[in-house]
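In what follows, a single structure is set out as structure tokens and then discussed.
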Amino acid sequence: MRIASWNVNSVKARIGHLVDWLKQAEPDVVCLQEIKCVDEAFPTAEVEALGYNVATHGQKSYNGVAILSKRPFEVMRGLPGDDADTQSRYIEAEIPTDSGAVRVASIYLPNGNPPLTDKYDYKLAWMDRLIAHAQGLLALEEPLVLAGDYNVIPTAKDVHNPAAWEGDALFLPRTRDKFRELLALGFTDAFRACDDREGQYTFWDYQAGAWQRNNGIRIDHLLLSPQAADKLQTCVIDKHVRTWEKPSDHVPIRIDLRA
DNA sequence: ATGACTGCCTCTGGCAGA
């Protein structure tokens with residue numbers, strides 16, 4: 001079973017790339033972030049034409065997440081823990097397979113910049129809510145994949161120029177501590193379980209030739225419950241998508257799980 | 001040294017992104 005995550009930076013601007021990549025990569029499940037549109041505006045027909053079922057949790061202009069799956073699935077929208085939160089950053093699916101259900105979440109964790117503002121407080125509080133929710137999901141003892149744009153650079157190995165990111169909400173010690181707290185619940189970082197090399201990134205800024213210099217960061221992650229980690233075969237970053245014309249600033253990352 | 005790009009909805013410039 002192939003499960004992927006991709007921050008498309010507007011699904012309307014990226015529908016051509018999305019269709020081309022779906023045909024190429026042939027994922028069974030896709031978690032999208034930053035669709036930047038309301039549910040009604042999602043290009044559902046184009047994706048359904050490729051054999052996917054679609055569930056969205058969108059909002060106007062900003063944020064927005066979606067899950068595509070070849071198998072039909074049950075869906076839950078929104079991250080529990082704050083009824084006043086209006087930002088669409090979490091959607092979860094329970095997907096039946098021939099060997100039991102797999103639970104997959106598409107996560108768009110808040111950026112949090114600049115620090116020392118309510119934006120950073122929101123990021124940390126959102127991470128606390130994610131930790132609480134993930135704890136409950138782990139208790140189900142199912143194969144579980146928390147996939148998405150975490151806006152967290154886990155370690156100095158995951159950034160081309162660590163000094164440039166010091167003090168940034170993506171790399172601050174408090175941010176990284178909380179990410180470790182999430183991992184320590186019992187999750188496996190799928191990419192690091194498969195590949196310990198430096199210089200492997202999922203995001204490159206549009207500015208200043210960041211892509212050409214491989215001045216990137218690894219912030220898109222697939223976190224696996226023990227039951228999912230047991231099935232992990234490969235984790236691959238589809239870096240070539242960044243060379244396409246008018247790309248997203250993020251590229252897809254995907255895993256293969258044994259049936 | 002500085003700024004650098006993209007997308008959105010539109011007060012077509014200001015915000016957000018990371």
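To find a chain, count down the sequence lines: A is the first, B the second, and so on, and within it residues start at 1.
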[X] [atom1] - [N] [atom2] separation (whole Å):
X: A:Ile217; N: B:dA18; atom1: CD1; atom2: C1'; answer: 5 Å
X: A:Glu245; N: B:dG7; atom1: CD; atom2: P; answer: 11 Å
X: A:Ile15; N: B:dG7; atom1: CD1; atom2: C1'; answer: 16 Å
X: A:Tyr122; N: B:dA18; atom1: OH; atom2: C1'; answer: 16 Å
X: A:Asn161; N: B:dA18; atom1: CG; atom2: C1'; answer: 14 Å
X: A:Glu34; N: B:dC8; atom1: CD; atom2: C1'; answer: 11 Å
X: A:Phe203; N: B:dT6; atom1: CZ; atom2: C1'; answer: 10 Å
X: A:Asn63; N: B:dC9; atom1: CG; atom2: C1'; answer: 15 Å

Side-chain contact, heavy-atom cut-off 4.5 Å: [X] with [Y]?
X: A:Asp98; Y: A:Arg71; result: yes
X: A:Asp158; Y: A:Phe191; result: no
X: A:Lys123; Y: A:Trp126; result: no

Just N and O in the side chain of [X]: are any of them under 4.0 Å from OP1 or OP2 of [N]?
X: A:His250; N: B:dG17; result: no
X: A:Asn111; N: B:dG17; result: no
X: A:Arg14; N: B:dG7; result: yes
X: A:Lys12; N: B:dC8; result: no

Does atom [atom1] of [X] have more than 12 heavy-atom neighbours from other groups under 6.0 Å away?
X: A:Glu26; atom1: CD; value: no
X: A:Glu74; atom1: CD; value: no
X: A:Glu198; atom1: CD; value: no

side-chain contact (heavy atoms from CB on, under 4.5 Å) involving [X] - partner list, sequence neighbours excluded:
X: A:Glu166; answer: none
X: A:Asn215; answer: A:His160, A:Asn161, A:Ala210, A:Arg213
X: A:Lys36; answer: A:Asn9, A:Ser10, A:Glu34

Which pairs with one or both residues in residues 229-244 of chain A pass salt bridge (Lys or Arg N to Asp or Glu O under 4.0 Å), sequence neighbours excluded?
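For residues 229-244 of chain A, and leaving out neighbouring residues, the salt bridge (Lys or Arg N to Asp or Glu O under 4.0 Å) pairs sorted by first residue read A:Asp238-A:Arg254.
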
When the side chains of residues 138-152 of chain A are checked against the rest of the protein, which donor-acceptor pairs come out under 3.5 Å, sequence neighbours left out?
{"from": "A:Glu142", "atom 1": "OE1", "to": "A:Arg103", "atom 2": "NE", "distance (Å)": "2.9"}
{"from": "A:Asp149", "atom 1": "OD1", "to": "A:Asn151", "atom 2": "N", "distance (Å)": "3.0"}
{"from": "A:Asp149", "atom 1": "OD2", "to": "A:Asn7", "atom 2": "ND2", "distance (Å)": "2.9"}
{"from": "A:Tyr150", "atom 1": "OH", "to": "A:Leu146", "atom 2": "O", "distance (Å)": "2.9"}
{"from": "A:Asn151", "atom 1": "ND2", "to": "A:Leu109", "atom 2": "O", "distance (Å)": "2.8"}

Quick one: stems for DNA chain B, with Watson-Crick or G-U pairs under 3.5 Å, at least three in a row?
B:5-9 with B:13-17

What does the list of N/O pairs under 3.5 Å between the protein and nucleotides 13-15 of chain B look like, with a distance for each?
none

Give A:Asp149 one of three labels, base, sugar-phosphate or nothing, depending on what nucleic acid heavy atoms sit under 4.0 Å from its own.
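Sugar-phosphate, backbone atoms only, no base.
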
Under 4.0 Å, heavy atoms only, any strand: does A:Asp220 hit a base, just the sugar-phosphate, or nothing?
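No contact at all - A:Asp220 keeps every heavy atom at 4.0 Å or more from the nucleic acid.
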
Give me the residues of residues 163-175 of chain A where at least one heavy atom lies under 4.0 Å from an atom of DNA chain B, by number, or none.
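Per residue number, the list reads A:Trp165, A:Leu170.
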
Which ILVMFWY residues can you reach from A:Val159 by hopping between side chains whose heavy atoms are under 4.5 Å apart?
A:Ile153, A:Trp165, A:Leu170, A:Phe171, A:Phe203, A:Ile217, A:Ile219

Atom pairs under 3.5 Å, N or O on each side, protein against nucleotides 2-5 of chain B: can you list them with distances?
{"from": "B:dA4", "atom 1": "N7", "to": "A:Gln207", "atom 2": "OE1", "distance (Å)": "3.4"}

Between B:dC9, B:dA18, B:dG7, which nucleotide has the shortest distance from any of its atoms to the side chain of A:Ser61?
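Of all the options, the side chain of A:Ser61 is nearest to B:dC9.
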
Between B:dG17, B:dC8, B:dC9, which one does the side chain of A:Lys60 approach most closely?
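Between B:dG17, B:dC8, B:dC9, the one nearest the side chain of A:Lys60 would be B:dC9.
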
B:dC15: syn or anti, per glycosidic angle within 90° of 0:
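Anti conformation for B:dC15.
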
So, A:Gln33 and A:His250: side-chain donor and acceptor under 3.5 Å apart, yes or no?
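No pair is found: no donor N or O on one side chain lies under 3.5 Å from an acceptor on the other.
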
What interatomic distance, in whole Å, is found between [atom1] of [M] and the corresponding atom of [N]?
N: B:dT12; M: B:dA1; atom1: P; result: 36 Å
N: B:dT6; M: B:dA18; atom1: C1'; result: 12 Å
N: B:dC11; M: B:dC15; atom1: P; result: 14 Å
N: B:dG17; M: B:dT2; atom1: P; result: 25 Å
N: B:dT10; M: B:dA16; atom1: P; result: 15 Å

By nearest nucleotide on DNA chain B, pick out whichever of A:Lys246 and A:Pro110 is the more 5' one.
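Of the two residues, A:Lys246 wins.
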
Minimal non-hydrogen separation, A:Ser88 against A:Gly58, with atom names:
OG-O, 3.1 Å

Contacts of A:Asp28 that satisfy salt bridge (Lys or Arg N to Asp or Glu O under 4.0 Å) - sequence neighbours left out
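Here no residue qualifies.
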
Partner residues of A:Arg129 under the side-chain hydrogen bond (donor to acceptor under 3.5 Å, both in side chains) criterion, sequence neighbours left out
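Here the qualifying residues are A:Asp85.
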
